[in-house]
There are 2 protein chains.
Amino acid sequence: MSDAQTALKRRPTDKEGDERHEAIYRAVSDAIVEQRLKPGARLREDALAEVFGISRTGIRKILQRLALEQLVTLTPRRGASVTRPTAEEAKDVFDARQLIECGLMPDVARRMNAAAAAELREMARQERQALRSGQQSVAIRLSADFHVRLAQLSGNATLAEFVERLCSRSSLILAVYGHRGHLGCESHDHDDLIGYLETGNGERAKAFMSRHLKAIEASLSMVEEEENVPDLQQIFGV
Amino acid sequence: MSDAQTALKRRPTDKEGDERHEAIYRAVSDAIVEQRLKPGARLREDALAEVFGISRTGIRKILQRLALEQLVTLTPRRGASVTRPTAEEAKDVFDARQLIECGLMPDVARRMNAAAAAELREMARQERQALRSGQQSVAIRLSADFHVRLAQLSGNATLAEFVERLCSRSSLILAVYGHRGHLGCESHDHDDLIGYLETGNGERAKAFMSRHLKAIEASLSMVEEEENVPDLQQIFGV
DNA sequence: AAAGGAAATGCTGTATACAATAAATAGCAT
DNA sequence: ATGCTATTTATTGTATACAGCATTTCCTTT
């Protein structure tokens, strides 16, 4: 066996293993958020273990984490699949975002500075660019990142984590109930928001965020997806 | 081997296993929330596995879940220990509770009915009784349960789950920064709150909840626990 | 031919064995 | 005696083997 093969087969040390785990978690999480893995898609442990070159043990750990974040659904003896949010869950998520993200705007405005504003503008720019070049998956992810970064700037790590979870789930909701080609966030909304925050106008930013989120929610078509077991009577007219 | 021993040694079927896992999770979670397991306490996998009669595999799953809920801290190669919240985390948690729990009060008031009010009054009664009979651990748990049930009555499962997490962490915070014999919640506060909610006075309930949470936070002494490595220079005056 | 059931297969849940590393301790040198 | 290093011990991280349910497939029966 050559040295290269030996190196490849070498059991990774634990620190490397931790980083690898985190990388795999993010790979799966990103794939879900970017909608490359669509709601309902099954995630078999063996398949994932083979793709990423680790054993099922590590995969299970990652799937459990994703399940607690409600990105995947774990049904006993059936395994994991990408969560298909219900209409009720969608309402809850957007109501929660209204409460939390809007409530954070005054704090964010208070703590805003030039460096943070520049960072946000760069993120908004990348998002617009992705949208222009038709990379919808990337744009969805960047949009979620923008909202999360905003929450982090409030200084409250706990609430920022909540927002992170809500944004991930929002991506799933958009995948199921959103219209094709409509991203949810208007391309210039984020830039406008930065403007209000830069001038320290927290209340105005709060109101704007509220309209922004309402606009996203309103762009959804809240018809429940057809079940896998179609109602034949209805389809064929009795 | 007798039949009884055979029955005991029998590998539990999977459904039984699931219930058992949930029971163990709640046993550990309750012990932490009720402060029978104090912050900093180490949770060795072998010890837990033996106590509950399952293998380390199941224990690890439970510990990971508790870690994601930030009730236990998982340090690589060192294992699990009950989380010792920092002063900053404590501030974040109570700020988050201010935002979320207060924000939910109008919804709760709108959805309040006789059955719900009766249930809440019963919970408040049990809490008072536990406090009177000196069962501080039980009282802490019942107080957290009250806040969680309240959030659930808002109808938003997502936000209710967030409140559940925040209340659990609040118990840890009280364990570290609270004064002995002072529970945080005043005994009659919860009853007063139910009154406002029963009359549909959401705004008044919101204001009351805000004062209630502020009072709990104010009762904490925010001095960081002494470190294991004391600052000798300061202690001995240079 | 359709429906019901039984065998077979696929996949997950659990335990256990083994590898790796961090902490503790003892021994050695200065 | 103190500080450093090596060995031992305790504990976690990972893989794998095996057991059990769910689903599918094929055969039998009506």
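Chain A is the first sequence line, chain B the second, and so forth, proteins listed ahead of strands; every chain is numbered from 1. Every heavy atom of this structure was used, including side-chain atoms; hydrogens, water molecules and symmetry mates were not.
Residues passing the salt bridge (charged side-chain N to carboxylate O under 4.0 Å, His left out) test with A:Glu217: none are found, sequence neighbours excluded. Under the rule for a side chain to side chain contact (heavy atoms under 4.5 Å, CB included), the partners of A:Thr83 that lie at least two apart in sequence or sit in another chain are A:Thr73, A:Leu172. Residues satisfying the side chain to side chain contact (heavy atoms under 4.5 Å, CB included) criterion with B:Glu119, sequence neighbours excluded, are B:Arg149. Take B:Arg65 and apply the salt bridge (charged side-chain N to carboxylate O under 4.0 Å, His left out) test, not counting sequence neighbours, and it matches B:Glu22, B:Glu69. For A:Leu43, the side chain to side chain contact (heavy atoms under 4.5 Å, CB included) criterion is met by A:Leu37, A:Leu48, A:Leu63, A:Val72, A:Ala80, A:Val82, not counting sequence neighbours. Contacts of B:Arg125 classified as salt bridge (charged side-chain N to carboxylate O under 4.0 Å, His left out), with partners at least two apart in sequence or in another chain: B:Glu122. B:Thr158 pairs by the side-chain hydrogen bond (donor to acceptor under 3.5 Å, both in side chains) definition with A:Arg169, not counting sequence neighbours. With sequence neighbours left out, B:Lys91 forms a salt bridge (charged side-chain N to carboxylate O under 4.0 Å, His left out) with B:Asp95.
Side-chain N/O atoms of B:Lys61 include one lying less than 4.0 angstrom from OP1 or OP2 on C:dT14.
Within residues 64-76 of chain A, no residue has any heavy atom under 4.0 Å from DNA chain D.
Per the geometry, CG belonging to A:Leu43 stands 14 Å off C1' belonging to C:dT12, to the nearest Å. Separating the NE2 atom of B:His21 from the C1' atom of C:dT14 is a distance of 8 Å, rounded to the nearest angstrom. The nearest whole Å value for the distance from the CZ atom in B:Arg60 to the P atom in C:dA15 is 14 Å. Protein atom CZ of B:Arg20 is 16 Å distant from nucleotide atom C1' of C:dG13, rounded to whole Å. At whole-Å resolution of the value, CZ in B:Arg56 and P in D:dA15 are 14 Å apart. Rounded to whole Å, atom P of C:dA15 lies 14 Å from atom CZ of B:Phe52.
Between the side chains of B:Thr86 and B:Glu88, no donor-acceptor pair of N or O atoms lies under 3.5 Å.
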All N/O donor-acceptor pairs, side-chain side in residues 49-60 of chain A, below 3.5 Å, sequence neighbours left out:
unit_1	atom_1	unit_2	atom_2	d
A:Ser55	OG	A:Thr57	N	3.2
A:Ser55	OG	A:Thr57	OG1	3.4
A:Arg56	NE	A:Glu45	OE1	2.9
A:Arg56	NH2	A:Glu45	OE1	3.1
A:Arg60	NH1	A:Glu45	OE1	3.3
A:Arg60	NH1	A:Glu45	OE2	2.7

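With hydrogens and angles ignored, the 3.5 Å screen pairs no side-chain donor or acceptor of A:Ser143 with any backbone N or O of A:Ala139.
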For nucleotides 7-11 of chain C, tabulate all protein N/O to nucleotide N/O atom pairs closer than 3.5 Å, reporting atom names and distance.
unit_1	atom_1	unit_2	atom_2	d
C:dC11	OP1	A:Arg44	NE	3.3
C:dC11	OP1	A:Arg44	NH1	3.3

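The listed nucleotides are C:dA15, C:dT14, D:dT16; the one nearest the side chain of A:Thr57 is D:dT16.
Using five terminal pairs a side, the axes of the helix from C:dA1-D:dT30 to C:dT30-D:dA1 at its two ends make an angle of 10°, given in steps of 10 degrees.
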